[in-house]
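We name chains A, B, ... by the order of the sequence lines, and we start the count at 1 in each one.
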Amino acid sequence: MTEREWAILDRLKEEYGDIGSGLRFNNPFELLIATILSAQSTDVRVNMVTEDLFKKYPTAAAFLSLNEESLSREIASIGLYRSKSKNILKTCQILVTEYGGEVPDDRSRLEALAGVGRKTANVVLCNAFHKPAFAVDTHVFRVTNRLGFANHSTVVGVEKQVTERIPEDLWCDAHHWFIWHGRGPCKARQPKCKACFLADLCEWSDKHKYQ
DNA sequence: AACTCGGGGCA
DNA sequence: TGCCCAGAGTT
C-alpha cells in the first residue's frame, strides 16, 4: 500500500462510510437468496421483492413448498427469473438435505450450491460470516483497475492483486466503497472525473479527460 | 481462457 | 430496437 492508495481508501471511507451492501437481510439465508437474485438486477428491485418473500418463506424448508412456477411468479419483476427460481429451489434443497437448512460458511460448499459462483460466495462469506473475502463484480473490477489497486484483465487476477495489496480487515468495506464509487462518479461510460473527489489521486483520470 | 446463456438497461 | 453486458456454468 502506497501513501496514495491509503489516501484513496481514506477518502472513500469518508465519502461512503459504513454504507453496506444495499441488500437488506436479517440472516445468512436471506443474504444468500438476495445475492443470487441480485445478479444482473438492482438492489432496489431485489429488496422490493424479498421484503415480502422472506416473510412468507423465511427458511430454506419453507421455500421448498414452492414449485418453479410459483417461485417464478414471486420473483417475476427481477430479471432472469426462470433460471433463478430453478437455482434457488435446488440450493434450498441442498441446504435442507445437506446442512440442516443452514447456509455453509466456507467457499467450496457455497460454490457447490446452484446459482452461486465465486462472486456470490465471496459476498456471503464477508457480509454474513465476517470472513476475509473480496468479491469482484464489474464495478469493483473497473474501479480497482482505474484507481491502480489492480492491473489485470480477469476477475481472478484482480481479486488476487487487490487482496495482496489492501489489508484483510478492509476487504469487506473496500468492496462496498468500490461498488458505490462505480455506481456514482466512476461509472463505466462517461465517468464524472471532473467532479470526482479522487481525481487528483487517480492515474486513470489523468489520461482520460471526462467531464 | 473462451464461450454460452437469458433477459434487463441503455443509446 | 438493437447492442451491450453481468455473472454462473460449461468446455
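The CG-C1' distance, from A:L37 to B:dG8, rounds to 15 Å in whole Å. Between the P atom of B:dG6 and the CD atom of A:E68 lies a distance of 14 Å, rounded to the nearest Å.
The two atoms that bring A:Q93 and A:L64 nearest to each other are N-CD2, 3.8 Å, heavy atoms only. When all heavy atoms of A:V103 and A:P28 are compared, the pair lying nearest together is CG2-C, 3.8 Å. Looking at every heavy atom in both residues, A:E74 comes nearest to A:Y57 through OE2-OH, 3.8 Å.
Annotation: of the two residues near DNA chain B, A:S41 and A:Q190, the 5′-most nearest-nucleotide partner is A:S41.
Across the pair A:C186 and A:C196, the gap between the SG atoms, which is the quantity tested here, reaches or exceeds 2.5 Å.
To the nearest 0.5 Å, atoms OG1 (A:T120) and CG (A:L110) are separated by 9.5 Å.
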Check your understanding: Do A:F134 and A:F149 pass the ring pair (Phe, Tyr, Trp, His ring centres under 6.0 Å) test, and can you show the C-alpha distance, the side-chain angles, and the key distance before you say yes or no?
Key -> CA-CA 13 Å; A:F134 185 77; A:F149 288 98; 9.3 Å; no
Review point. Side chain to side chain contact (heavy atoms under 4.5 Å, CB included) between A:L32 and A:F25: does it pass, once the steps are laid out?
Key: CA-CA 9 Å; A:L32 173 65; A:F25 63 97; over 6 Å; no
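Residue A:V116 is classed as a sugar-phosphate contact, given heavy-atom separations below 4.0 Å to backbone atoms only. Residue contacts for A:T120: at a heavy-atom cut-off of 4.0 Å it reaches the sugar-phosphate backbone alone, with no base atom in range. A:A114 comes within contact range of the sugar-phosphate backbone alone, with a heavy-atom separation under 4.0 Å but no base atom that close.
Other residues, nucleotides and ligands place no more than 12 heavy atoms under 6.0 Å from the CE atom of A:M48. Heavy atoms from other residues, nucleotides or ligands lying under 6.0 Å from CG of A:D169 number more than 12.
Protein chain A contacts DNA chain C over a range whose 5' and 3' limits, counting nucleotides with an atom under 4.0 angstrom from a non-hydrogen atom, are C:dA6 to C:dG9.
For the pair A:R107 and A:L125, the minimum side-chain heavy-atom distance is below 4.5 Å.
The side chain of A:R45 places no N or O atom within less than 4.0 Å of a non-bridging phosphate oxygen (OP1 or OP2) of B:dG7.
A heavy-atom distance below 4.0 Å to DNA chain B is reached by none of the residues of residues 124-153 of chain A. For residues 74-95 of chain A, proximity to DNA chain B is found at A:G79, A:L80, A:R82, defined as any non-hydrogen atom under 4.0 angstrom from a strand atom.
Taking the six-membered ring where tryptophan is involved, the planes of A:F63 and A:F54 are tilted, since the angle between them lies from 30° to 60°.
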